[in-house]
J.: 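So that we are looking at the same thing, I have put the structure below in structure tokens.
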Amino acid sequence: MSVRMGNYLEFGGIGLGLGLSTDIGSIRIMYRYAIEELRQWRKKPNRKPLIIRGARQVGKTWLMKTFGEEEFKQTAYINFDHNKSLQLLFSGDFNLKRIISGLEIEVGHPITPETLLIFDEVQEVPQALTSLKYFYENAPEYTILCAGSLLGVAMHAGSSFPVGKVEFLDLYPLSYPEFLLAIGMSRYVDILREGQWETAGAFKLHYTDALKRYYYIGGMPEVVQSYVENQNFLEVRAIQRNILEAYEQDFSKHAPSGIVPRLRMLWTSIPTQLAREQKKFMYGLVKNGARARDYELALSWLIDSGLVYQIHRASVPRLPLKAYEDTKAFKLFHVDVGLLSCMVGAPPNILLNGNDLFQEFKGALTEQYVCQQLKTIKNLQTYYWTASQGTAEIDFVVDNGLQVIPIEVKAEVNLRAKSLKVYREQFNPLLSIRTSLADYRFDPGLLNLPLWAFPFWDFFANSSNY
């Protein structure tokens, strides 16, 4: 049983912080920080239509509908998937009065400037994407949100995309802080956000246990929702397998037929790639004798669909990192740590065995977790660095516009980091970060953060504490 209390919901007697707020279809979902970005977008004086990008099933539809319910008197939800009447409506000219009249027939009520217009699966009707240009230029009084499962792919399919006439918001699976909110640990999030490291250290067993669950469950909304309601790890795995199967079905349905076999080989090689000590992507692990040019289109499709994150090597860790990008060397990460743990076959009982989850699957999961948290930070450029002779490697180097920060990732408690020492001696960064299962400690210029506190590193980096 659930009780609604403003933005607070108690579920089965367990407080869920800024948790479950509404029912959309069959999925009740957790609070997302992205809702605040949408509120700020709505207030802009020269607001453009906003397109939410993200992989299938990361919660785009829920986010749009929830925003409409909470911020608007009325929402007009338009789903373009398999809708012939909408294809015809947008196939003519871009007379916006005619289009609005047709949309009013579709939703069954008037559409006014006080209505939130939601275009879902908008990639299915490219002319609807093109219409955003005309809405922005000729009818800016309408507030329009768009999303689609394969929008990144559609954006590269033709010239109809309204470049410069729209804004973007990237949505990812639930971050670790959002996961903590969902499972009833909102106060634990506050402690970390406030930098109460001594207090957090007293509860490190609780944080570590939650982190292990996050490694296993991940941040896909339906999976997290199932766990919150049922606490059943076998059901978690069943839902994750269904999501992975849906992704593979997308390969056959939406990708060019000529690249589908290579898509599958790339996709299934990711756990093997990440399990290696050196995680630079190797085409030879996809197939013996494979060459980059044979897989370029398949790799681009996976990236554009949001299913993988490509992190390039920076040849020199200087601002801006983009200027030193090595396009031939990169790491490839999965969209979600829970889905990755499903692919590697991590069994539920490993959650009970001390730190075995970190030890046995550290190569496949720990860097994935860190990468996934970095991806949720806006305007952050993320790379990795290796010395030219291969004598040292830093797992991530990030450019926040002010400085380049090296991040060394350790799966366990061991703090020996030869590569980080080499990096610091060579480049003398203002701040370096090492994240592991060890306790919090700050030495001059070096922040040691527990993995469970890592998502809050930027609060420290943006402060004057170093």
Side-chain angles (χ1 to χ4, degrees), residues 53-58 123 148-158 161 170 172-173 240-241 243-315 321-322 324-337 339-345 363-365 367-368 370-372 374-375 381-386 390 393 395-396:
R53 298 179 295 196
R56 184 185 295 278
Q57 299 193 48
V58 295
Q123 79 283 347
S149 298
L150 294 168
L151 257 175
V153 174
M155 285 166 57
H156 295 285
F161 194 81
D170 292 313
Y172 301 98
Q240 288 169 333
R241 284 192 289 268
I243 293 173
L244 290 170
E245 183 178 340
Y247 287 163
E248 295 209 28
Q249 289 174 352
D250 280 343
F251 298 164
S252 299
K253 286 175 60 178
H254 301 288
S257 58
I259 69 168
V260 170
R262 291 170 185 172
L263 269 175
R264 296 186 189 281
M265 287 189 286
L266 277 174
W267 177 247
T268 56
S269 79
I270 293 176
T272 302
Q273 303 276 356
L274 292 178
R276 298 164 54 244
E277 187 68 26
Q278 301 296 326
K279 295 176 178 60
K280 174 186 173 183
F281 189 85
M282 303 292 293
Y283 286 99
L285 293 177
V286 179
K287 182 181 179 181
N288 286 335
R291 296 171 297 181
R293 67 183 183 185
D294 296 329
Y295 288 85
E296 284 178 351
L297 290 178
L299 178 59
S300 294
W301 198 95
L302 286 175
I303 294 169
D304 290 341
S305 66
L307 295 182
V308 299
Y309 308 135
Q310 187 180 41
I311 305 297
H312 283 281
R313 173 180 176 266
S315 58
L321 284 177
K322 181 69 177 176
Y324 302 95
E325 179 178 283
D326 180 355
T327 58
K328 294 182 180 179
F330 59 89
K331 300 178 184 180
L332 209 59
F333 292 92
H334 205 283
V335 64
D336 178 62
V337 66
L339 294 181
L340 179 62
S341 75
C342 181
M343 289 180 74
V344 302
L365 299 180
E367 277 195 44
Q368 167 70 38
V370 171
C371 176
Q372 198 165 328
L374 291 173
K375 290 295 292 184
Q381 298 294 318
T382 303
Y383 293 82
Y384 74 99
W385 174 83
T386 59
E393 176 174 337
D395 301 300
F396 299 98

J.: How many angstroms lie between atom CD of Q310 and atom CD1 of I303, to the nearest 0.5 angstrom?
T.: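 Interatomic distance, Q310 CD to I303 CD1, rounded to 0.5 Å: 3.5 Å.
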J.: Where is the tightest heavy-atom contact between L321 and A314, given as atom of each residue plus distance?
T.: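 Smallest heavy-atom distance, with atoms named: CD2-CB, 4.0 Å.
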J.: Calculate, to the nearest 0.5 Å, the distance between atoms CD and NZ belonging to Q273 and K279 respectively.
T.: 11.0 Å
J.: Kindly write out the residues that satisfy side-chain contact (heavy atoms from CB on, under 4.5 Å) with A255, not counting sequence neighbours, or none if the list is empty.
T.: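 In terms of side-chain contact (heavy atoms from CB on, under 4.5 Å), with neighbours along the sequence ignored, A255 is linked to I259, V260, L263, W301.
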J.: Tell me, please, which residues at least two apart from K331 pass salt bridge (charged side-chain N to carboxylate O under 4.0 Å, His left out).
T.: E367, E393
J.: For Q278, enumerate each residue passing the side-chain hydrogen bond (donor to acceptor under 3.5 Å, both in side chains) test, keeping only those at least two apart in sequence or located in another chain.
T.: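 Here no residue qualifies.
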J.: Would you call the rings of W267 and H334 parallel, tilted or perpendicular if under 30° counts as parallel and over 60° as perpendicular?
T.: tilted
J.: Under the side-chain contact (heavy atoms from CB on, under 4.5 Å) rule, collect the residues that match up with S315, sequence neighbours excluded.
T.: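 Partners of S315 by the side-chain contact (heavy atoms from CB on, under 4.5 Å) criterion, ordered by chain and then number, come out as R313, Y324.
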J.: Please identify each residue that fulfils side-chain hydrogen bond (donor to acceptor under 3.5 Å, both in side chains) with S305, with sequence neighbours left out.
T.: none
J.: Can you give me the closest heavy-atom contact between R276 and L285, atom names plus distance?
T.: CD-CD1, 3.1 Å
J.: Not counting sequence neighbours, which residues clear ring pair (Phe, Tyr, Trp, His ring centres under 6.0 Å) with Y383? List them please.
T.: none
J.: Can you sort out the partners of M265 under side-chain contact (heavy atoms from CB on, under 4.5 Å), two or more places apart, ordered by chain and number?
T.: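 Partners of M265 by the side-chain contact (heavy atoms from CB on, under 4.5 Å) criterion, ordered by chain and then number, come out as R262, V286, K287, Y295.
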J.: Any side-chain heavy atom of L374 sitting closer than 4.5 Å to one from I311?
T.: no
J.: How many angstroms lie between CD in Q240 and CG in L339, if you round to the nearest 0.5 Å?
T.: 5.5 Å
J.: Which pair of heavy atoms, one from F330 and one from T327, lies closest together, and at what distance?
T.: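 Looking at all heavy atoms of both residues, the closest pair is CD2-O, 4.3 Å.
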J.: Using every non-hydrogen atom in the two residues, find where H312 and D326 come nearest and quote the distance to one decimal.
T.: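 Shortest heavy-atom separation between H312 and D326 comes out as ND1-O, 3.3 Å.
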J.: Taking only residues two or more places apart in sequence, or in another chain, which ones meet S252 in a side-chain hydrogen bond (donor to acceptor under 3.5 Å, both in side chains)?
T.: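 Checked S252 against side-chain hydrogen bond (donor to acceptor under 3.5 Å, both in side chains); matches are R264.
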J.: Which residues pass the salt bridge (charged side-chain N to carboxylate O under 4.0 Å, His left out) test with E325, sequence neighbours left out?
T.: K322
J.: Under a 4.5 Å cut-off applied to non-hydrogen side-chain atoms, are V370 and F333 in contact?
T.: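 A side-chain contact is absent here, since even the closest heavy-atom pair is not under 4.5 Å.
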J.: Under a 4.5 Å cut-off applied to non-hydrogen side-chain atoms, are T382 and Y309 in contact?
T.: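 They are not in contact (no side-chain heavy atoms under 4.5 Å apart), so the answer is no.
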J.: Applying salt bridge (charged side-chain N to carboxylate O under 4.0 Å, His left out), name anything that partners R293, two or more places apart in sequence or on another chain.
T.: none
J.: Roughly how far apart are L244 CG and C342 SG, rounded to 0.5 Å?
T.: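 Going from the CG atom of L244 to the SG atom of C342 covers 5.0 Å.
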J.: To the nearest 0.5 angstrom, please state how far the CG atom of L299 sits from the CG atom of D304.
T.: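 Those atoms lie 9.0 Å apart.
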J.: List the residues meeting side-chain hydrogen bond (donor to acceptor under 3.5 Å, both in side chains) with D336, not counting sequence neighbours, and say none if there are none.
T.: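 Once residues adjacent in sequence are excluded, the partners of D336 under the side-chain hydrogen bond (donor to acceptor under 3.5 Å, both in side chains) criterion are Q372.
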J.: Return the minimal non-hydrogen interatomic distance between A55 and G306, and the atom names on each side.
T.: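 Residues A55 and G306, closest heavy atoms: CB-O, 3.5 Å.
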J.: Is L307 close to F251 at the side-chain level, that is, under 4.5 Å between some pair of heavy atoms?
T.: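 Yes, at least one pair of side-chain atoms sits under 4.5 Å.
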J.: Going by salt bridge (charged side-chain N to carboxylate O under 4.0 Å, His left out), name the residues that satisfy it together with R56, two or more places apart in sequence or in a different chain.
T.: D250
J.: Determine the minimum heavy-atom distance between M343 and T268, stating which atoms define it.
T.: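 Closest heavy-atom pair between M343 and T268: CE-CA, 4.2 Å.
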J.: So, taking the atom named CZ in F281 and the one named CD1 in I270, what distance separates them when rounded to the nearest 0.5 Å?
T.: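 Interatomic distance, F281 CZ to I270 CD1, rounded to 0.5 Å: 7.5 Å.
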